[in-house]
Amino acid sequence: MAALERLRPDHAPALLAFERENRGFFAASVPDRGDAYFTEFAERHRALLDEQEAGTIHFHVLVGEGGEVLGRFNLVDVADGGAELGYRVAEKVTGRGVATAGVRELCRLARQEYGLSRLTAVTTLDNAGSRAVLARAGFGAVGSVTLDGGEPGTAYELDLALVSWEPGLGGSFGRERSGRDS
(Lines give C-alpha, C1' and ligand atoms only; values in the text may rest on other atoms or scores of the structure.)
Protein backbone atom coordinates (compact mmCIF):
# COMPACT_ATOMS: atom_id res chain seq x y z
CA MET A 1 0.00 0.00 0.00
CA ALA A 2 1.31 3.46 -0.86
CA ALA A 3 1.42 6.40 1.56
CA LEU A 4 1.46 10.16 1.05
CA GLU A 5 4.44 11.55 2.99
CA ARG A 6 5.65 15.09 3.59
CA LEU A 7 8.83 15.66 1.59
CA ARG A 8 12.01 14.89 3.57
CA PRO A 9 15.75 14.92 2.76
CA ASP A 10 15.86 11.12 2.47
CA HIS A 11 13.27 11.16 -0.33
CA ALA A 12 15.81 12.75 -2.71
CA PRO A 13 17.19 9.61 -4.44
CA ALA A 14 13.75 8.07 -5.06
CA LEU A 15 12.29 11.41 -6.16
CA LEU A 16 15.10 11.97 -8.66
CA ALA A 17 14.59 8.44 -10.02
CA PHE A 18 10.84 9.14 -10.36
CA GLU A 19 11.48 12.36 -12.30
CA ARG A 20 14.04 10.71 -14.59
CA GLU A 21 11.95 7.61 -15.30
CA ASN A 22 8.85 9.66 -16.14
CA ARG A 23 10.46 12.65 -17.86
CA GLY A 24 9.15 11.80 -21.33
CA PHE A 25 5.71 10.93 -20.03
CA PHE A 26 5.43 14.24 -18.15
CA ALA A 27 6.78 16.27 -21.08
CA ALA A 28 3.86 15.05 -23.19
CA SER A 29 1.41 17.05 -21.06
CA VAL A 30 3.40 19.70 -19.14
CA PRO A 31 6.50 21.74 -19.99
CA ASP A 32 9.73 19.76 -19.52
CA ARG A 33 11.80 20.70 -16.47
CA GLY A 34 14.96 20.96 -18.56
CA ASP A 35 18.37 19.39 -18.05
CA ALA A 36 19.38 21.84 -15.31
CA TYR A 37 16.64 20.45 -13.06
CA PHE A 38 18.40 17.08 -13.05
CA THR A 39 21.99 18.32 -12.79
CA GLU A 40 21.11 20.70 -9.95
CA PHE A 41 18.64 18.37 -8.24
CA ALA A 42 20.41 18.07 -4.86
CA GLU A 43 20.66 21.85 -4.41
CA ARG A 44 17.07 22.34 -5.52
CA HIS A 45 15.83 19.62 -3.15
CA ARG A 46 17.56 21.32 -0.19
CA ALA A 47 16.15 24.71 -1.20
CA LEU A 48 12.61 23.30 -1.41
CA LEU A 49 12.97 21.78 2.05
CA ASP A 50 14.08 25.18 3.36
CA GLU A 51 11.01 26.82 1.79
CA GLN A 52 8.82 24.10 3.24
CA GLU A 53 10.25 24.75 6.69
CA ALA A 54 9.33 28.43 6.22
CA GLY A 55 5.73 27.41 5.42
CA THR A 56 5.52 28.87 1.91
CA ILE A 57 5.19 25.44 0.28
CA HIS A 58 4.05 21.97 1.35
CA PHE A 59 5.51 19.15 -0.77
CA HIS A 60 4.47 15.51 -0.54
CA VAL A 61 5.48 12.31 -2.25
CA LEU A 62 3.45 9.17 -2.71
CA VAL A 63 5.75 6.37 -1.63
CA GLY A 64 5.14 2.74 -2.60
CA GLU A 65 5.85 -0.29 -0.44
CA GLY A 66 9.41 -0.62 -1.74
CA GLY A 67 10.23 3.04 -1.12
CA GLU A 68 9.84 4.15 -4.74
CA VAL A 69 8.11 7.46 -5.43
CA LEU A 70 4.88 6.96 -7.38
CA GLY A 71 3.77 10.60 -7.39
CA ARG A 72 4.24 14.05 -6.02
CA PHE A 73 1.52 16.31 -4.68
CA ASN A 74 2.42 19.91 -3.88
CA LEU A 75 0.97 23.08 -2.46
CA VAL A 76 2.89 26.19 -3.56
CA ASP A 77 2.50 29.93 -3.11
CA VAL A 78 0.93 29.41 0.32
CA ALA A 79 -0.44 32.77 1.51
CA ASP A 80 -3.59 34.32 2.92
CA GLY A 81 -5.32 30.98 3.50
CA GLY A 82 -4.78 29.68 -0.01
CA ALA A 83 -2.30 27.78 -2.16
CA GLU A 84 -1.87 26.42 -5.66
CA LEU A 85 -2.09 22.65 -6.08
CA GLY A 86 0.23 20.76 -8.40
CA TYR A 87 0.70 17.04 -8.86
CA ARG A 88 2.11 14.36 -11.14
CA VAL A 89 2.03 10.58 -10.94
CA ALA A 90 4.18 7.90 -12.54
CA GLU A 91 3.01 6.62 -15.90
CA LYS A 92 2.76 3.07 -14.57
CA VAL A 93 0.08 4.03 -12.01
CA THR A 94 -2.16 6.18 -14.20
CA GLY A 95 -5.73 5.05 -14.60
CA ARG A 96 -5.89 3.52 -11.12
CA GLY A 97 -7.31 6.42 -9.13
CA VAL A 98 -3.91 7.27 -7.66
CA ALA A 99 -3.94 10.93 -8.73
CA THR A 100 -7.51 11.44 -7.50
CA ALA A 101 -6.77 9.82 -4.13
CA GLY A 102 -3.59 11.86 -3.77
CA VAL A 103 -5.30 15.15 -4.61
CA ARG A 104 -8.15 14.38 -2.20
CA GLU A 105 -5.70 13.53 0.57
CA LEU A 106 -3.70 16.69 -0.08
CA CYS A 107 -6.93 18.73 0.06
CA ARG A 108 -7.68 17.14 3.44
CA LEU A 109 -4.18 17.99 4.68
CA ALA A 110 -4.47 21.52 3.31
CA ARG A 111 -7.54 22.14 5.42
CA GLN A 112 -6.90 20.06 8.52
CA GLU A 113 -3.11 20.30 8.90
CA TYR A 114 -2.14 23.53 7.16
CA GLY A 115 -5.25 25.58 7.94
CA LEU A 116 -5.92 26.57 4.33
CA SER A 117 -9.39 27.55 3.13
CA ARG A 118 -9.02 27.50 -0.66
CA LEU A 119 -6.91 25.92 -3.36
CA THR A 120 -6.35 26.78 -6.99
CA ALA A 121 -4.96 24.69 -9.84
CA VAL A 122 -4.32 25.08 -13.56
CA THR A 123 -4.03 22.60 -16.39
CA THR A 124 -3.65 22.65 -20.14
CA LEU A 125 -6.73 22.25 -22.28
CA ASP A 126 -5.45 18.98 -23.75
CA ASN A 127 -4.84 17.29 -20.37
CA ALA A 128 -8.19 15.53 -19.99
CA GLY A 129 -6.86 13.27 -17.21
CA SER A 130 -5.87 16.20 -15.03
CA ARG A 131 -9.14 17.99 -15.67
CA ALA A 132 -11.02 14.84 -14.61
CA VAL A 133 -8.95 14.45 -11.43
CA LEU A 134 -9.65 18.04 -10.41
CA ALA A 135 -13.38 17.62 -11.08
CA ARG A 136 -13.53 14.39 -9.03
CA ALA A 137 -11.77 16.17 -6.16
CA GLY A 138 -14.40 18.94 -6.20
CA PHE A 139 -12.54 21.70 -8.06
CA GLY A 140 -14.58 23.91 -10.36
CA ALA A 141 -13.34 25.63 -13.51
CA VAL A 142 -13.22 29.40 -13.04
CA GLY A 143 -11.71 30.68 -16.25
CA SER A 144 -9.16 30.54 -19.00
CA VAL A 145 -5.45 31.13 -18.48
CA THR A 146 -2.34 31.30 -20.60
CA LEU A 147 0.37 29.04 -19.25
CA ASP A 148 4.14 29.41 -19.60
CA GLY A 149 5.06 29.15 -23.24
CA GLY A 150 1.72 30.66 -24.32
CA GLU A 151 -0.26 27.43 -24.06
CA PRO A 152 -3.97 27.87 -23.27
CA GLY A 153 -5.31 26.33 -20.08
CA THR A 154 -8.05 26.38 -17.49
CA ALA A 155 -7.92 27.69 -13.92
CA TYR A 156 -9.72 25.80 -11.14
CA GLU A 157 -10.68 26.58 -7.55
CA LEU A 158 -11.81 24.62 -4.53
CA ASP A 159 -13.34 26.12 -1.38
CA LEU A 160 -12.09 23.70 1.27
CA ALA A 161 -14.88 24.71 3.67
CA LEU A 162 -17.42 23.18 1.27
CA VAL A 163 -15.74 19.77 1.14
CA SER A 164 -16.15 17.04 3.73
CA TRP A 165 -13.87 14.07 4.04
CA GLU A 166 -15.06 10.70 5.14
CA PRO A 167 -12.58 8.46 6.95
CA GLY A 168 -10.34 6.72 4.44
CA LEU A 169 -11.57 8.77 1.48
CA GLY A 170 -8.25 10.42 0.77
CA GLY A 171 -5.87 7.56 1.35
CA SER A 172 -7.07 4.77 -0.94
CA PHE A 173 -4.05 4.41 -3.18
CA GLY A 174 -4.25 0.71 -3.92
CA ARG A 175 -7.65 0.26 -5.58
CA GLU A 176 -8.03 -0.20 -9.30
CA ARG A 177 -10.36 2.26 -11.01
CA SER A 178 -11.27 3.08 -14.55
CA GLY A 179 -10.31 6.36 -16.16
CA ARG A 180 -6.94 7.96 -16.65
CA ASP A 181 -5.38 10.03 -13.87
CA SER A 182 -2.39 12.17 -14.64
Side-chain angles (χ1 to χ4, degrees), residues 1-94 96-123 130 133-134 137 147-148 158 160 165 168-174 181-182:
M1 187 68 89
L4 194 64
E5 300 178 0
R6 190 163 168 86
L7 187 64
R8 302 185 310 258
D10 62 311
H11 287 129
L15 182 57
L16 179 57
F18 163 81
E19 291 289 351
R20 282 185 174 144
E21 290 167 10
N22 292 284
R23 185 176 184 180
F25 173 65
F26 295 147
S29 58
V30 295
D32 185 65
R33 294 186 184 276
D35 293 337
Y37 175 85
F38 298 95
T39 59
E40 300 165 2
F41 184 84
E43 297 83 15
R44 179 168 169 68
H45 189 72
R46 280 192 296 278
L48 291 175
L49 290 169
D50 289 344
E51 280 187 71
Q52 182 167 265
E53 188 65 30
T56 58
I57 61 173
H58 300 290
F59 278 26
H60 301 79
V61 289
L62 180 63
V63 180
E65 291 178 12
E68 81 176 303
V69 171
L70 301 173
R72 58 187 311 168
F73 298 84
N74 306 321
L75 298 171
V76 299
D77 298 331
V78 176
D80 302 321
E84 183 175 335
L85 167 77
Y87 59 93
R88 53 179 58 198
V89 297
E91 181 176 20
K92 69 182 181 181
V93 299
T94 60
R96 299 181 184 182
V98 170
T100 300
V103 167
R104 285 178 175 160
E105 178 64 6
L106 190 56
C107 290
R108 185 193 67 76
L109 290 170
R111 182 174 174 196
Q112 296 177 357
E113 300 294 324
Y114 307 133
L116 300 176
S117 58
R118 71 188 179 304
L119 297 179
T120 60
V122 297
T123 189
S130 190
V133 167
L134 293 171
L147 303 170
D148 293 340
L158 175 65
L160 293 169
W165 287 272
L169 180 63
S172 300
F173 295 105
D181 290 353
S182 56

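These values consider heavy atoms only, across backbone and side chains, with no hydrogens, waters or symmetry-generated copies.
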- Task: With sequence neighbours left out, write down each residue that passes side-chain contact (heavy atoms from CB on, under 4.5 Å) with Ser117, or none if nothing qualifies.
- Result: none

- Heavy-atom nearest pair, Gly67 first then Ala14, reads O-CB, 3.6 Å

- Report yes if some heavy atom in the side chain of His58 is under 4.5 Å from a heavy atom in the side chain of Leu109; otherwise report no. no

- On a heavy-atom basis, the closest approach of Val69 and Leu15 is CG2-N, 3.8 Å

- Note on the structure: Value for NE2 (His11) from CZ (Arg6), rounded to nearest 0.5 Å, stands at 11.5 Å

- Query: Is it true that a side-chain atom of Tyr87 and a backbone atom of Ser130 form a donor plus acceptor pair closer than 3.5 Å?
  - Reply: yes

- Task: Of all the heavy-atom pairs spanning Val98 and Phe73, show the shortest one and how long it is.
- Result: O-CZ, 4.0 Å

- Query: Going by the salt bridge (charged side-chain N to carboxylate O under 4.0 Å, His left out) test, which pairs reach into residues 56-71, not counting sequence neighbours?
  - Reply: Glu68-Lys92

- Query: Can you name the residues that form a side chain to side chain donor-acceptor pair (under 3.5 Å) with Tyr37, not counting sequence neighbours?
  - Reply: Arg72

- Message: Quick check for you: to the nearest 0.5 Å, what is the distance between Glu105 atom CD and Thr100 atom OG1?
- Response: 13.5 Å

- What's the spacing between Leu70 CG and Thr94 OG1 if we round to 0.5 Å? 11.5 Å

Which donor-acceptor pairs under 3.5 Å do side chains of residues 40-54 form with protein atoms, sequence neighbours excluded?
from: His45; atom 1: NE2; to: Arg8; atom 2: O; distance (Å): 3.1
from: Gln52; atom 1: OE1; to: Phe59; atom 2: N; distance (Å): 2.7
from: Gln52; atom 1: NE2; to: Leu7; atom 2: O; distance (Å): 3.0

- CZ (Arg88) and CZ (Phe18) are apart, to the nearest 0.5 Å, by 6.5 Å

- Note on the structure: What one should report as the nearest heavy-atom pair of Ala79 and Arg118 is O-NH2, 4.3 Å

- Apply side chain to side chain contact (heavy atoms under 4.5 Å, CB included) to the pair Phe26 and Glu19, showing each step before the final yes or no. CA-CA 9 Å; Phe26 295 147; Glu19 291 289 351; 3.8 Å; yes

- Message: Quick check against the 3.5 Å criterion: does Asn22 have a side-chain atom that pairs as donor or acceptor with the backbone of Ala90?
- Response: no

- Note on the structure: Heavy-atom nearest pair, Pro13 first then Asp10, reads CD-O, 3.6 Å

- Message: If the condition is side chain to side chain donor-acceptor pair (under 3.5 Å), which residues does Arg23 pass it with, not counting sequence neighbours?
- Response: Asp32, Asp35

- Message: List the residues meeting side-chain contact (heavy atoms from CB on, under 4.5 Å) with Ala110, not counting sequence neighbours, and say none if there are none.
- Response: Leu75, Leu116, Leu119, Leu160

- In this structure, CG of Leu85 is separated from CG of Leu158 (nearest 0.5 Å) by 9.0 Å

